[in-house]
Amino acid sequence: MKTLTLTRPDDWHLHVRNGEMLKTVIPHTVRQFARAIIMPNLKPPVTTVIQALAYRDEILRAIPDHLLFNPLMTLYLTAQTPASEIKKVAESEHVHAFKLYPAGATTNSDAGVGNVKTIYPLLEAMQNHDIPLLIHGEVTDERVDIFDRERVFIEDSLIDITRQFPNLRLVVEHVTTQEAVQFVLSSGPNIAATITPQHLLFNRNAILAGGIRPHYYCLPVIKREHHRLALVAAATSANPKFFLGTDSAPHHTSLKENACGCAGCYSAHAALELYAEAFEQADALDKLEGFASFYGPDFYRLPRNNGTVTLERATWKVPERYGENDLSITPLKANEELRWKIQ
Ligand code: DOR
Ligand code: ZN
């Protein structure tokens, strides 16, 4: 196959930051995706509809003139979120979901939720208003091994949330384990998951074998090979519960190549190309369009996009960096070759 034309896709989990970083990264996303669910973990976090609309305007101002892109905003859920804010989200055209970060689980999650049970009244309100809840599914208990934190979160919190709120629409973001795939498969149609390119393409050897590679470090951390295989099987199964969410999370190179490097892989520069590699390896390129362009909008109850994007079979080398000097970002697969290219 020399070219592959897909209905224009969307990214259902994306970090674009703000300020100068936003200007560097947003053109990469706009080049391939029509819409993206924008994560709210700025400093300070985006907790109100008013803040989300101001952030949305900043994103729109950073987009090159001729390109169309719709940022789909989310609010950062905290123990202090008032019920009135949930009603405002329900009435908003531009805010589509709440994001739940367990406090301390990842980058800028300090304002997240300590004990999930304390916010059950908010989850009930979301269920009543039919607003999706997007979950970073990891426990933060230091006694739990970092490679087990997703599985333990499912056992300790997710199962109970889905029992208490059986009609709550919920996305288990960036699933990384066989257990998470199994949980989603065994739940109702209101439970879905996003899958990142790095978790489809790599296992934990990429981070640790033959040297420590900080650009492969993200949270939840990349797991063992059998987990990767479970994710590939889910993504290529044409099951509408699994759809594209890159979790592209830019950090300056100096903060990644650091004694205490930040979590996050930058993949927006080649997101669709990276997914195409993963689907091709699984001999499932015919399943890419559903995963990238159909199941996400169906879950969020938004129309599928009209346009198309075409990938061609052409080798190109990913640059070493994007952006200037101290503000540069090292992309996933920097200096390596990719086999697909967007026309
Ligand atoms: O690796 C990650 N980076 N995981 C997250 O959940 C957050 C993200 C970020 O914002 O950098
Ligand atoms: Zn994320």
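Counting convention: from 1, in listed order, for ligands and their atoms alike.
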What about [X]: any of its N or O atoms under 3.5 Å from an N or O on ligand 1?
| X | result |
| --- | --- |
| Y101 | no |
| R17 | yes |
| P220 | no |
| A263 | yes |

Inset, instruction - Tell me, please, whether F299 has R169 positioned over its six-membered ring: NZ or CZ under 6.0 Å from the ring centre and within 45 degrees of its axis? - result: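 The answer is yes; both the distance and angle limits are met.
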
Inset, instruction - With heavy atoms under 4.0 Å as the rule, classify the contact between A249 and ligand 1 as side chain, backbone, both or neither. - result: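 Just the side chain.
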
Inset, instruction - Tell me which part of M39 gets within contact of ligand 1: side chain, backbone, both or neither, using heavy atoms under 4.0 Å. - result: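 No part of M39 is near ligand 1 at this cut-off.
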
Legend entry - Contacting atoms of ligand 1, where contact means under 4.0 angstrom from a heavy atom of H136: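 Going through ligand 1 atom by atom, the ones under 4.0 Å from H136 are 6 (O).
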
Inset, instruction - Below 4.0 angstrom from a heavy atom of C218, which ligand 1 atoms are there? Numbered from 1 as shown, please. - result: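 Contacts of ligand 1 toward C218, numbered from 1: 1 (O).
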
Look at [X] together with [Y] and state whether they make a salt bridge at an N to O cut-off of under 4.0 Å.
| X | Y | result |
| --- | --- | --- |
| R149 | D141 | no |
| E58 | R61 | no |
| R35 | D11 | no |

Is it true that [X] and [Y] have ring centroids separated by less than 6.0 Å?
| X | Y | value |
| --- | --- | --- |
| H13 | H15 | yes |
| H136 | F153 | no |
| W340 | Y275 | no |
| H199 | H174 | no |

Inset, instruction - For atom 5 (C) of ligand 1, grab the closest protein heavy atom and report residue, atom and distance to one decimal in Å. - result: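 Atom 5 (C) of ligand 1 sits closest to the protein heavy atom T106 OG1, 2.9 Å.
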
Inset, instruction - Could you check atom 1 (O) of ligand 1 against the protein and tell me its nearest heavy-atom contact, residue, atom and distance included? - result: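 Atom 1 (O) of ligand 1 sits closest to the protein heavy atom L219 N, 2.8 Å.
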
Legend entry - Residue and atom, protein N/O/S, under 2.8 Å of the Zn ion (ligand 2):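 H13 NE2, H15 NE2, D247 OD1, with waters left out.
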
Legend entry - Residues which pass ring pair (Phe, Tyr, Trp, His ring centres under 6.0 Å) with Y216, listed by chain and number, not counting sequence neighbours: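 Only F202 meet the ring pair (Phe, Tyr, Trp, His ring centres under 6.0 Å) criterion with Y216.
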
Inset, instruction - Give a yes-or-no answer on whether the side chains of T3 and E312 include a donor-acceptor pair shorter than 3.5 Å. - result: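 Judged by distance alone, the side chains do not pair up.
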
Legend entry - Among I37, T29, D247, L72, the one residue meeting side chain to side chain contact (heavy atoms under 4.5 Å, CB included) with L14: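 Of the listed residues I37, T29, D247, L72, the side chain to side chain contact (heavy atoms under 4.5 Å, CB included) partner of L14 is T29.
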
